[in-house]
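What follows is a short report on a single structure.
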2 protein chains.
Amino acid sequence: MTLLEQTVQMLRERILAGHYAPDDRLPETTLADDLNVSRTVVRLALGAMAREGLVENRPNRGFRLRSFSLDEVTDAIALRGTVEGMAARLAAERGASAAALAEMRQILARMDAAVSRGFATLPARSAWIEMNAALHDAIIAASGHATIPDVVAQLSRMPLVSARAIVFDAGDGGWGLSRVVRAHDDHHAVVDAISARQGARAEALMREHALRSGQNKRQSFAAMKSGDTPLPGLSLVRG
Amino acid sequence: MTLLEQTVQMLRERILAGHYAPDDRLPETTLADDLNVSRTVVRLALGAMAREGLVENRPNRGFRLRSFSLDEVTDAIALRGTVEGMAARLAAERGASAAALAEMRQILARMDAAVSRGFATLPARSAWIEMNAALHDAIIAASGHATIPDVVAQLSRMPLVSARAIVFDAGDGGWGLSRVVRAHDDHHAVVDAISARQGARAEALMREHALRSGQNKRQSFAAMKSGDTPLPGLSLVRG
DNA sequence: GTGTTGTGAATTGCATGCAATCAACACGAC
DNA sequence: GTCGTGTTGATTGCATGCAATTCACAACAC
C-alpha cells in the first residue's frame with residue numbers, strides 16, 4: 001500500500017470521525033504536519049477526495065471540507081436505490097448464475113440467524129452491517145454491469161449514503177429490530193424476484209428498500225439534532 | 001484556469017482523438033515532454049483521470065490507458081438513461097419551475113427548426129449536439145437533485161456515453177435524419193410528461209431514449225469495424 | 001463611520017532532484 | 001533447452017524549494 005493510499009484513508013477517517021468541522025479550510029501544510037507526510041502526498045490525496053466529493057477545491061484557494069444537507073443525503077440514498085434497482089433488474093433479466101444465487105442465499109441464511117439473535121450487542125450490529133454490505137455487493141455483482149459498482153462506490157463515499165451506514169436505534173422494539181426485520185424482508189423478496197427472473201419486481205423492491213433506509217436515517221437524524229449529541233443507545237456507523 | 005486543468009483537458013482530448021492506443025502505457029516523462037509541463041502536473045492529471053475511469057493506475061507500474069468494450073459502453077449508456085430517467089421523474093413529481101420549463105421549450109423550438117433544416121452540413125450537426133446536450137442538462141437541473149449531475153458527468157467521460165456523443169450517419173434517410181427525428185420525438189414527449197407531472201411516463205421515455213441511442217451506436221460501430229475505418233459520410237463526435 | 005487601498009504573511013501551484021521499485025535481459029546452473 | 005538469478009536501465013514515488021497568488025489587516029481618504 002503506497003503512502004498516498006494510506007494518506008487518503010487517514011484523511012477519510014479523520015473527516016468522518018469529525019476531526020474537522022464542515023466548511024473548514026484544510027491547509028496542506030497543517031495536514032502534512034499532522035500526518036507526517038510531505039505536502040505533495042497531501043495534495044494528491046486531497047485531489048483524490050475532491051473527486052469523491054468529500055472536499056472541494058477552488059483554484060488558488062485550496063481545499064475545504066464539504067458539508068452535506070440532510071436533503072442531499074436522502075436524495076443520494078434514493079439515487080443509490082435507483083442504481084441498485086437497475087442492478088437487481090439486470091440480474092433478474094440476464095439471469096444470475098447459480099453460484100451467485102447460492103451466495104446470496106447463504107448470506108440471507110446468516111442474516112436470518114442474526115435477526116433471530118437480535119442486535120443488543122455492538123458486535124452483533126457490526127456483523128449485520130458487514131452482511132448487509134455483502135448482500136448488496138452480491139446483487140450488484142450479479143448484474144454483470146461493469147460501471148454500476150463504480151457509481152455505487154462513488155455514492156457510498158458520501159456520509160450516511162453507503163449500505164454500511166445503518167442506524168441502529170435502541171427504542172422502538174429494541175435496537176431497531178422492527179426496522180431491520182422490515183429491511184430484511186426486502187432482502188428476501190429481492191433475491192426471490194431475481195431468482196424468479198422478475199426484473200420489474202426486483203427493481204421496485206430495491207428502490208423502496210433504499211427509500212425506507214433514507215426515511216429511517218432522516219428520523220434518527222431529527223431525533224439526534226434535538227439533543228445535538230447522539231442519543232444514548234444510538235450507534236451511528238459510517239462507511 | 002490552472003495548468004493542471006489545462007493538462008487534464010489536453011490529455012482527454014489526445015486520448016479521445018486516438019492519440020494513444022488502448023492499453024498503452026502512459027509514462028509520465030513522455031507525457032510531460034509532449035505537453036511541455038512538469039511531471040508533477042502530469043501525475044496529478046493522470047490521478048484525476050484515473051478516478052474518472054479513462055486510465056488505470058497500478059502502484060509502482062504507472063498509468064495505462066483503459067480500453068472499453070462495446071458492451072461496457074452500451075451498458076453505461078443504459079445506466080445514464082436510468083439516472084436521467086430518475087431526474088425526469090423527479091422534475092415531474094416535484095414540479096419543474098416555470099423558468100425551467102420555458103427554457104426546455106425554447107431549446108425544443110430551436111431543435112425543431114434544426115430538424116427541418118436537416119443535418120447535411122457539419123455546423124448543423126455540431127449545433128444539434130450542443131442543443132441536445134443543453135436539453136439533457138436542463139432536464140437534469142430541473143430535477144433539483146444535487147448528486148445526479150455529478151454521476152451523469154462521470155458516466156459522460158466514458159467514450160461514446162455522453163449525450164454529446166451522437167453518431168450521424170449519411171445513409172438511411174440522409175445524415176441520420178430518421179434517427180434524429182425519432183430521438184427528437186422523445187425529447188418532446190419527455191418535456192410534455194414533465195410539464196404534465198407524469199413522473200413514471202417521463203422516466204420510461206428517458207430510459208427508452210437512452211437505450212435507442214445505445215442501439216444506434218452499436219449499429220454504427222459494427223458498420224465501422226467492417227471497414228476498420230470510419231465509414232465515409234460518418235461523423236463520429238465524442239465528448 | 002464607511003469604504004478603499006497598500007503591504008506583508010500565509011498558502012498554493014509548480015518544478016526539480018533523489019531514492020526506491022520494477023521490468024528486461026543476460027548469464028549461468030542444471 | 002529450460003529454468004532460475006543477478007544486474008542494469010528506466011520509471012515511479014516522494015520530498016523539498018521557489019515563485020505566484022491570495023487573504024488579513026492596517027493605514028488612509030472621504
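Computation of the quantities below employed the complete heavy-atom set of this structure, encompassing side-chain atoms and omitting hydrogens, waters and symmetry-equivalent molecules. In this text the structure is predicted, and so the values were computed from the model without any measurement. Chain naming here is simple, since letters A, B, ... match the order of the sequence lines and numbering starts at 1 in each.
Note on Thr2(B): only backbone sugar-phosphate atoms sit closer than 4.0 angstrom, heavy atoms only; bases stay farther off.
In the set dT16(C), dT21(D), dA15(D), the nucleotide with an atom closest to the side chain of Asn60(A) is dT21(D).
The CG atom of Asp33(B) sits 14 Å away from the C1' atom of dT16(C) (whole-angstrom rounding). To the nearest angstrom, P of dC14(C) lies 11 Å from CG of Asn57(A). The distance from atom CG of Leu3(B) to atom P of dC18(D) is 21 Å, rounded to the nearest whole Å. Distance Leu4(B) CG to dC14(C) P: 6 Å, rounded to the nearest Å. Look at CD on Glu28(A): it is 11 Å from C1' on dC14(C), rounded to the nearest Å. Between the CZ atom of Arg43(B) and the P atom of dA15(C) there is a distance of 14 Å, given to the nearest Å. Between Arg25(B) atom CZ and dT21(C) atom P the separation is 17 Å, expressed in whole Å.
In this structure, the separation between OG1 on Thr7(B) and CE on Met10(B) is 4.5 Å, given to the nearest 0.5 Å. Rounding to the nearest 0.5 angstrom, the gap separating the CG atom in Leu135(B) from the CD1 atom in Ile140(B) is 10.0 Å.
Between His187(B) and His209(B), the ring planes are perpendicular. Angles over 60° get that label, and only those under 30° would be called parallel.
At a cut-off of 3.5 angstrom, the base of dT12(C) holds no donor-acceptor pair with the side chain of Thr29(A). With hydrogens and angles left out, the side chain of Arg61(B) and the base of dG13(D) share no donor-acceptor pair within 3.5 Å.
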